[in-house]
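Atoms within a ligand are numbered from 1 in the order they appear, just like the ligands themselves. Position 1 is the first residue of the sequence; numbering continues from there. Every value quoted in this text rests on a predicted model; they were computed, and no experiment measured them.
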Amino acid sequence: MIILAFESSCDETAAAVLEMDEEKGVRRVLSSLVASQVAIHALYGGVVPEIASRAHTEAISSLCTGALKEAGVTVDDVDLVAVTAKPGLIGALLVGVNFAKAFAYANNKPLVAVDHIFGHVAAAYLQYPKLKPPFFAMVTSGGHTSLLRFDDYTGVETVGATRDDAVGECFDKVARTMGLPYPGGAEMDRLAAIGNPDAIRFPLAIIRDDTLDFSFSGLKTAVINHLNTCRQKGEEICREDVAASFTRAVTRSVTERLHEAKDRYGFDKFVLAGGVSANSHLQKAVLEFGKKRGVQIYIPDRSLCGDNAAMIGAQAYYEAKAGNFADFSLNPSATRRGV
Ligand code: KG4
Ligand code: ZN
């Protein structure tokens with residue numbers, strides 16, 4: 001099956017073409033194009049929704065043509081059109097959804113709506129052709145932090161989530177307070193590698209009740225307060241130590257929750273997905289968790305971690321196999337409810 005997929009939920013416009021055939025064990029990305037708006041939003045220190053929508057509108061048509069051309073397929077070869085329909089910035093989602101609907105309608109193709117969170121996890125199917133549910137997963141991105149139990153490709157239970165900021169948002173806001181350009185996650189990763197993780201004690205980002213939920217706003221505030229206090233006292237800030245100590249609090253929070261989840265649910269496969277899964281310290285901590293607890297760890301490559309359309313196409317294949325098609329009344333949803 002040849003799938004043409006679109007992604008426009010935040011600040012990356014993406015189009016991809018995939019060949020998927022479970023019976024033949026084929027999960028192949030034929031093309032995957034991403035037009036990043038990061039440079040535009042960096043001027044404002046974060047994503048400006050209206051600018052994002054306009055940039056998606058400008059990019060999507062040529063990305064579609066480019067993805068088909070690079071894949072060496074024609075419109076006639078396409079069996080399925082896939083698009084991210086939730087969650088995300090509503091104006092941004094509308095661009096991808098309307099483009100996909102128009103393409104599917106004009107060319108008489110079936111349409112599948114994909115949840116962006118499932119898409120991040122589906123990136124792992126592309127990297128690991130033998131990976132199959134059931135497994136546990138965590139999506140760590142700029143907008144989401146969720147612990148998920150996948151019973152099958154489309155049957156998912158959210159067993160824990162952040163109650164406030166997402167982990168990537170926390171990385172970006174701490175980075176901004178330290179004067180690093182947006183998005184600061186990757187630079188924080190580099191600084192943390194040369195800092196002392198024991199230099200400052202920051203609180204963990206977990207809620208102490210019987211859930212597996214996270215709360216990153218307290219950790220974020222603690223780091224920002226530390227930076228402001230140092231500035232007021234005229235003390236020199238060692239950005240490397242702050243980055244390392246903050247990152248340690250993040251990795252400890254995630255691994256503590258993973259140990260609890262393993263105790264409760266007893267999984268033996270775990271997928272770490274989303275933009276923050278590119279973090280080298282988080283990867284190391286999760287791999288150590290896996291080794292200790294006998295859990296096989298799957299972390300998609302950096303090129304598949306961030307927002308892209310290949311991951312959306314991969315999930316769409318399994319949605320279609322489960323009979324989950326959208327019709328032309330499809331509307332996007334900013335949250336995971338609806339659609
Ligand atoms: O998944 P993604 O591309 O977009 C969303 O769906 O949000 O994730 C982007 C997030 C940003 O917050 C960025 O700072 C963070 O991923 N990120 C990182 C790293 N690389 C990207 N955070 C920590 N360490 C990294 N190496
Ligand atoms: Zn994402």
Could a heavy atom of Cys10 be found less than 4.0 Å from some atom of ligand 1?
no
Can you tell me which residue and heavy atom of the protein come closest to atom 1 (O) of ligand 1, and the distance to 0.1 Å?
Gly275 N, 3.0 Å
Establish, from distance only, whether the side-chain atoms of Asp189 and Ser280 form a donor-acceptor pair under 3.5 Å.
yes
His120 to ligand 1, any heavy atom closer than 4.0 Å:
yes
Under 6.0 Å from the CZ atom of Phe328, do we count more than 12 heavy atoms belonging to anything else shown?
yes
If the Zn ion (ligand 2) is the vertex, what is the angle to NE2 of His116 and NE2 of His120, rounded to 10 degrees?
90°
Check each heavy atom of His116 against ligand 1 and say whether those closer than 4.0 Å belong to the side chain, the backbone, both or neither.
side chain
Please report the closest heavy-atom contact between Asp11 and Val47, naming both atoms and the distance.
OD2-CG2, 3.6 Å
The N/O/S atom of Asp307 lying closest to the Zn ion (ligand 2) is OD1
Atoms in ligand 1 flagged as close to Gly168, the criterion being non-hydrogen separation under 4.0 Å:
12 (O)
Under a 3.5 Å cutoff, is there a donor and acceptor pairing between the side chains of Asn324 and Glu319?
yes
Give the atoms of ligand 1, by number and element, whose distance to some non-hydrogen atom of Gly142 is under 4.0 Å.
5 (C), 7 (O), 8 (O), 9 (C), 10 (C), 12 (O)
Report yes or no: do Thr13 and His56 form a side-chain donor-acceptor pair below 3.5 Å?
yes
Under 3.5 Å, side chain of Arg176 to main-chain N/O of Gly45, donor-acceptor pair present?
yes
Output the distance between atom CZ (Phe99) and atom OG (Ser8), rounded to the nearest 0.5 Å.
10.5 Å
Under 4.0 Å from ligand 1, counting heavy atoms only, is it the side chain of Asp307, its backbone, both or neither?
both
Give the residue and atom name of whichever protein heavy atom lies nearest to atom 15 (C) of ligand 1, and the separation in Å to one decimal.
Val276 CG2, 3.9 Å
Given side chain to side chain donor-acceptor pair (under 3.5 Å), test Tyr318 with Glu22 step by step and report yes or no.
CA-CA 9 Å; Tyr318 296 104; Glu22 192 77 337; 2.8 Å; yes
At a 4.0 Å threshold, what atoms of ligand 1 neighbour a non-hydrogen atom of Gly143?
7 (O)
Polar atom proximity, Glu12 to ligand 1 (N or O, under 3.5 Å)
no
Between Asp164 and Ser215: side-chain donor-acceptor atoms closer than 3.5 Å:
yes
Can you pull out the closest protein heavy atom to atom 11 (C) of ligand 1? Residue, atom name and distance to 0.1 Å, please.
Asp172 OD2, 3.5 Å
Heavy-atom pairs closer than 4.0 Å: do any link ligand 1 to the side chain of Asn279, the backbone, both, or neither?
both
How far is atom 18 (C) of ligand 1 from its nearest protein heavy atom, and which residue and atom name does that atom have?
Gly185 CA, 3.6 Å
Counting each atom of ligand 1 from 1 as listed, which ones have a heavy atom of Pro183 under 4.0 Å away?
14 (O)
Pair Gln296, Tyr128: side-chain N/O donor-acceptor within cut-off below 3.5 Å:
no
In this structure, does ligand 1 have an atom that sits under 4.0 Å from one of the heavy atoms of Arg302?
no
Here the atoms of ligand 1 under 4.0 Å from any heavy atom belonging to Ala186 are 19 (C), 25 (C), 26 (N)
Describe, in one word, how the ring planes of His120 and His116 are oriented to each other, choosing from parallel (under 30°), tilted (30 to 60°) and perpendicular (over 60°).
perpendicular
List the closest protein heavy-atom neighbour of atom 26 (N) of ligand 1: residue, atom name, distance to the nearest 0.1 Å.
Asp189 OD2, 3.0 Å
Is the ring centre of Phe289 less than 6.0 Å from the ring centre of His259?
yes
Counting each atom of ligand 1 from 1 as listed, which ones have a heavy atom of Gly306 under 4.0 Å away?
3 (O)
